[in-house]
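Please read the structure below before turning to the comments.
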Protein chains: 2
Amino acid sequence: MAANIKSGLKEVARSAGVSIATVSRVINGETVVKEATRLAVNSAIKKLGYRPNRAAQRLRSTHRSRKLIGLLIPDIQNPYYIDIISGIESYASAHGATIIIGNFSQDAQRERIYIDTLRSESVDGCIVATTPRTEKYVEGLIRDGFPVVCIDRGLKNLKSDVVKSDNETGAFAATEHLIKLGHKRIAHIAGDLQIPTSHERIAGYKAAHQQYKLRVDEGLIISKHSNYESGVELALQVLKMKKRPTAIFTGNNLLTLGVLEVLHGHAIKIPQEIAMVGFDDVYWANSLNPAVTAVKQFGYEIGHQAIELLFKRIEEPQRPPVSHIVNTQLMVRKSCGTGS
Amino acid sequence: MAANIKSGLKEVARSAGVSIATVSRVINGETVVKEATRLAVNSAIKKLGYRPNRAAQRLRSTHRSRKLIGLLIPDIQNPYYIDIISGIESYASAHGATIIIGNFSQDAQRERIYIDTLRSESVDGCIVATTPRTEKYVEGLIRDGFPVVCIDRGLKNLKSDVVKSDNETGAFAATEHLIKLGHKRIAHIAGDLQIPTSHERIAGYKAAHQQYKLRVDEGLIISKHSNYESGVELALQVLKMKKRPTAIFTGNNLLTLGVLEVLHGHAIKIPQEIAMVGFDDVYWANSLNPAVTAVKQFGYEIGHQAIELLFKRIEEPQRPPVSHIVNTQLMVRKSCGTGS
DNA sequence: CTGAAAGCGCTTACAG
DNA sequence: CTGAAAGCGCTTACAG
């Protein structure tokens with residue numbers, strides 16, 4: 001228990017009266033080792049407070065373990081990604097794995113640099129929410145034998161494991177909810193059009209219109225970036241529309257928050273003057289006033305499934321890639337009113 | 001630019017017509033190398049797309065570099081810590097450093113395990129927001145020569161660099177604001193009393209009362225944990241008080257959000273029926289309704305300063321420890337009304 | 001079932 | 001200014 005002065009394999013071996021090879025075998029749980037030997041080694045390990053040097057392990061071992069996992073995250077300020085990270089992290093920590101976090105803040109160059117870093121660190125695998133612009137770097141990672149699981153979207157030229165929400169269905173449900181409440185002019189403040197999920201959500205929005213025989217007014221679909229500032233800017237744009245929409249469907253968390261700032265700032269009553277549904281839920285949705293109706297993505301679950309798939313791939317690199325499409329759930333609260 | 005099949009020092013050396021020692025020197029920016037040699041090596045590096053193996057570097061080098069930084073964070077779901085992580089991460093990424101994240105979710109055992117992991121990974125240094133219960137493990141880290149910077153609070157038995165907010169002054173300002181608005185019964189929903197910052201904030205709350213000759217009613221200071229659920233639970237408790245307070249001062253982010261859920265749920269008008277100030281600000285404070293008045297901690301700045309101090313300590317391990325006390329700022333918005 | 005030895009990809013005295 | 005060689009702390013065939 002007491003922290004000890006640097007003790008390595010050598011010290012443990014000496015203390016247990018075996019060779020370092022045997023100690024190594026015990027550490028790696030090889031079953032060949034005789035029970036009595038194993039016990040002796042383990043007690044020496046405990047006695048000396050020995051901790052393997054992971055850099056040395058990583059350098060020497062021939063096959064990947066599950067010790068170091070790299071994360072490539074577009075925006076750590078987005079609560080959705082925090083949920084994902086939480087899901088990954090709790091599973092990782094329960095399995096003794098460590099996480100390297102690469103938050104590239106939607107910056108392609110930083111993303112590239114992080115991919116290089118993950119290589120340099122010899123991570124055992126990565127979980128990435130990549131953007132189309134850096135796709136080929138992620139593909140390179142896979143070609144070079146790194147286990148990779150994609151979040152939010154797959155790759156273009158390569159099959160890979162992917163875990164994502166059913167964006168179209170989620171957006172459909174949100175839009176349908178508004179339509180059933182009688183709304184006919186529903187603005188959609190979409191996320192960055194460079195991001196594929198934005199298009200899937202737009203598709204859901206349109207599909208709902210078609211289903212209910214409502215014409216889609218393309219002028220009602222506006223977008224810029226996927227951040228808070230764009231939410232503010234685009235909400236202002238909605239308010240200036242000649243024929244003001246009676247409802248807004250926002251494409252993500254940050255946009256929702258930005259829109260709320262504008263609506264509250266203009267003292268616009270929600271839902272009486274404008275109803276709202278947002279994509280992405282937050283644990284404090286009830287702290288908003290009114291509590292906002294939202295399409296919940298199960299970020300924690302997505303993260304959890306992603307790392308589970310990653311571990312499986314590390315064990316079995318040739319396993320055929322799978323796609324997990326996680327359902328969303330419409331959380332009906334107060335921002336749309338309570339009935340048609 | 002194209003990703004290449006594993007190229008190591010050896011390949012670069014061969015391509016540049018020098019020894020691997022020279023290549024290593026170029027990589028490490030040693031100034032002894034002749035200009036012409038350096039150029040040749042660098043072009044070989046670029047040509048082969050060489051990336052140093054960090055595990056090998058870490059294993060071999062005698063002094064700490066700034067490549068791998070460990071983070072010990074109590075709760076990644078708390079926006080304050082996200083800000084801190086952002087500040088650390090952006091600085092790290094700009095300096096080619098990688099970050100290992102250890103989110104222990106307020107769990108002492110997980111914190112201890114993470115500390116061990118950071119040792120195992122041979123991190124170059126750590127930034128830790130530790131709890132009193134695991135203090136001795138962090139102290140062990142320092143004794144064993146790991147550069148450590150503390151956030152939020154220092155250590156008991158050991159001097160170390162520390163970066164933290166001026167909690168007492170911040171809490172004083174929040175309370176004073178309410179008092180000046182005429183409030184005499186101000187409840188304080190404090191964070192977990194095991195956490196020292198909670199006490200500092202309580203002290204500020206009390207100091208403001210004394211300054212303005214108001215008796216402190218200890219029954220008005222309630223606490224449990226520092227999370228959302230406690231915010232909910234304690235707000236309910238406030239509502240049940242025989243003589244209901246006219247204002248609430250919450251001890252952190254999560255508590256604020258929990259309290260808001262309750263107040264909105266009970267349709268209690270803020271600030272007319274109950275005024276509110278929270279410790280900790282969020283970038284979406286204006287998305288709340290009413291926009292909440294809050295004591296802003298400069299989390300991003302704190303993170304930034306912490307990693308800067310850490311890098312300095314790595315360079316100069318014997319430098320005497322310093323404390324950076326970062327000012328807070330009262331962000332006056334709408335949750336207290338607009339004047340006495 | 002266990003040990004001696006080679007070697008992972010680097011860095012660093014030590015010579016020259 | 002540069003190279004040959006030792007070695008960081010491990011893992012892994014290869015013998016036995």
Could you state the atom-to-atom distance from [atom1] of [X] to [atom2] of [N] in whole Å?
{"X": "B/R58", "N": "D/dC10", "atom1": "CZ", "atom2": "P", "value": "15 Å"}
{"X": "B/K34", "N": "D/dG3", "atom1": "NZ", "atom2": "C1'", "value": "14 Å"}
{"X": "A/E11", "N": "D/dC8", "atom1": "CD", "atom2": "P", "value": "11 Å"}
{"X": "A/L9", "N": "C/dA5", "atom1": "CG", "atom2": "P", "value": "17 Å"}
{"X": "A/L39", "N": "C/dC1", "atom1": "CG", "atom2": "C1'", "value": "16 Å"}
{"X": "B/N53", "N": "D/dC8", "atom1": "CG", "atom2": "P", "value": "18 Å"}
{"X": "B/E35", "N": "D/dT2", "atom1": "CD", "atom2": "P", "value": "11 Å"}
{"X": "B/R14", "N": "C/dC10", "atom1": "CZ", "atom2": "C1'", "value": "16 Å"}

Donor-acceptor contact present, side-chain B/E111 to main-chain B/T130, <3.5 Å:
no

Indicate whether OP1 or OP2 belonging to C/dG9 is found under 4.0 Å from a side-chain N or O atom of B/Q57.
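So the side chain of B/Q57 is outside the cut-off, no N or O lying under 4.0 Å from OP1 or OP2 of C/dG9.
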
B/R64 charged N/C atom sitting above B/F146 aromatic ring, 6.0 Å / 45°
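Yes, B/R64 lies over the aromatic ring of B/F146.
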
Between [X] and [Y]: side-chain donor-acceptor atoms closer than 3.5 Å:
{"X": "A/Q57", "Y": "A/S65", "value": "no"}
{"X": "A/Y300", "Y": "A/S90", "value": "yes"}
{"X": "B/Q194", "Y": "B/T131", "value": "no"}

Contact summary for B/R110 and B/S105, nearest pair of heavy atoms
NH1-OG, 3.6 Å

Across all strands shown, which nucleotide pairs with C/dG3 by Watson-Crick or G-U wobble geometry, both distances under 3.5 Å?
D/dC14

So which nucleotide from D/dG9, C/dG3, D/dG3 ends up closest to the side chain of B/L59?
D/dG9

From C/dA4, D/dG3, C/dC10, pick the nucleotide closest to the side chain of A/S19?
C/dA4

Given A/E121, which of B/R58, B/K67, B/R51 fulfils the salt bridge (charged side-chain N to carboxylate O under 4.0 Å, His left out) condition?
B/R58

Every protein N/O within reach of nucleotides 12-16 of chain C N/O, cut-off under 3.5 Å:
| from | atom 1 | to | atom 2 | distance (Å) |
| --- | --- | --- | --- | --- |
| C/dT12 | OP1 | B/T62 | N | 3.3 |
| C/dT12 | OP1 | B/T62 | OG1 | 3.0 |
| C/dA13 | N6 | B/R25 | NH2 | 2.9 |

